[in-house]
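Data block below; observations after.
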Amino acid sequence: MAKIFVTRKIPEVGPELLQATGHEVVVSEKDNVLTKEELVAALGAAPYEAVLCLLTDKIDDEVLAAAPRVKIFANYAVGYDNIDLDAAKARGVLITNTPAVSTSQSVAEHALALLVAVGRRIVEADQFVRDGHYRGWDPMLFITPDLVGRTLGIIGAGRIGSRLAFHAARGFEMKVIYHDIRRNDELERTLDVKFETSVEAVLQAADYVSLHVNLDQSTRHLINRERLALLKPNAVLVNTSRGPVIDEAALVDALREKRLAGAGLDVFEFEPKLVPGLAALPNVVLTPHIASATEETRNDMAKMAAENILAVLAGQTPSNLVK
Ligand code: NAD
């Protein structure tokens, strides 16, 4: 039976599934992200054959070299920009992710929550009441646009973007437009969603923009200073994809200069650090990378990552092999 290393505590269902098959599971006892040195040392401490890792673990060639018997790094995340895929391929190590249906639902819900929170100024209004400023109903207090009938622009209409399109079109009766490098025929067929040929076209037309691309070289700073300048002054920008998709310093400048109405961010360019000035802005809502943090999704992710490991240890192809 194999020895498996889990880089941080995750829902029990994952380790239990691995143990039930007779494998030995070692879960890192550190209640924090392992540093590179700690990860290398932990992997070298036993002849592990599989690793269940997180998006906060940078899996590069040095880490791969520290675990020569490991056949699979099962990433507990949909994104896998934390892993050097070329280095893994060169060493014959398999990489899997956890694109559970529940993940798409949870992240789409969270994107929608940020969109409403910023669009209707919920957090600012909450603070206003807590600070004792509420003196009675005021016909001019916190006036914002309705979402109904407004245009939502989705950039990256894969699993999560499509789910958000569904919620926005069906639940809020918003007009939905999208841009993606791949056209999503099913989305266009099942919902009244319009394809735009460029990111620029979406930014110019939308009242709300939500980002759902994966992070790679083509999407790093996809939303840069020039593109931010295309947004409408009443626009709200939401990011639940990966922080580096937005040039965050440029976003702070744009928000300060009121070139857009606000932003809702679950991910940050230099996570967990924020760029200077971001936290001081009233027109932003910030959450600590929790878009997938629902009981259902986190359990499904743990189960899925464990199943990917079990498949590889049994000599089978895992369901969620990355490229
Ligand atoms: P997906 O692969 O189904 O969708 C990504 C879409 O982006 C694809 O349709 C792809 O064609 C498109 N795309 C890629 N490059 C593009 C470009 N340059 N321009 C336009 N479109 C481009 O992935 P998904 O399941 O929808 O997840 C999207 C991302 O969300 C993940 O990669 C991950 O980084 C992030 N995510 C975040 C959380 C969170 O907790 N905040 C949770 C899950 C996933």
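The figures here come from the full heavy-atom set of this structure, side chains too, leaving out hydrogens, waters and symmetry mates. Ligands are counted one by one from 1 in listed order, and the atoms in each one are counted from 1 as well. For the single chain, residues carry numbers from 1 onward in sequence order.
Atoms of ligand 1 lying under 4.0 Å from at least one heavy atom of R182, given by number and element, are 8 (C), 10 (C), 11 (O).
Under 4.0 angstrom from ligand 1, the non-hydrogen atoms of I160 come from both its backbone and its side chain. Counting heavy atoms closer than 4.0 Å to ligand 1, residue V78 contributes side-chain atoms (C-beta onward) but none from N, CA, C or O. By the criterion of a heavy-atom distance under 4.0 Å, the side chain of V107, and not its backbone, is placed next to ligand 1.
In N32, the CG atom is crowded: over 12 heavy atoms of neighbouring residues, nucleotides or ligands sit closer than 6.0 Å.
For D207 (side chain) and T151 (main-chain N/O), a donor-acceptor pair under 3.5 Å exists by modelled atom type.
The shortest separation from a heavy atom of S104 to ligand 1 is not under 4.0 Å, leaving the residue out of contact. Distances from ligand 1 to the non-hydrogen atoms of P99 include no value under 4.0 Å.
Between D146 and R150 there is no salt bridge, since none of the side-chain N atoms of the basic residue sits less than 4.0 Å from a carboxylate O of the acidic one. A salt bridge does not link R227 with D247: every distance from a Lys NZ or Arg NE/NH1/NH2 to an Asp or Glu carboxylate oxygen is 4.0 Å or more.
For the pair R242 and ligand 1, the shortest N or O to N or O distance falls below 3.5 Å. Of the polar atoms of S218, at least one N or O is found under 3.5 Å from an N or O of ligand 1, judged by distance alone.
The nearest heavy-atom contact from the protein to atom 5 (C) of ligand 1 is H212 O, 3.4 Å. In this structure, atom 14 (C) of ligand 1 lies nearest to the protein heavy atom N214 OD1, 3.2 Å. Atom 4 (O) of ligand 1 has G158 CA, 3.4 Å as its closest protein atom, hydrogens excluded (heavy atom only). Looking only at protein heavy atoms, the nearest one to atom 40 (O) of ligand 1 is H289 CD2, 3.2 Å. Among protein heavy atoms, the minimum distance from atom 1 (P) of ligand 1 is reached at R159 NH2, 3.7 Å.
Among I246, T240, V285, the one residue that satisfies the side-chain contact (heavy atoms from CB on, under 4.5 Å) test with L265 is I246.
Looking at residues two or more places apart in sequence or on another chain, you find no side-chain contact (heavy atoms from CB on, under 4.5 Å) involving E29.
Put simply, CZ on R170 and CG on D192 are 10.0 Å apart, with the number rounded to the nearest 0.5 Å.
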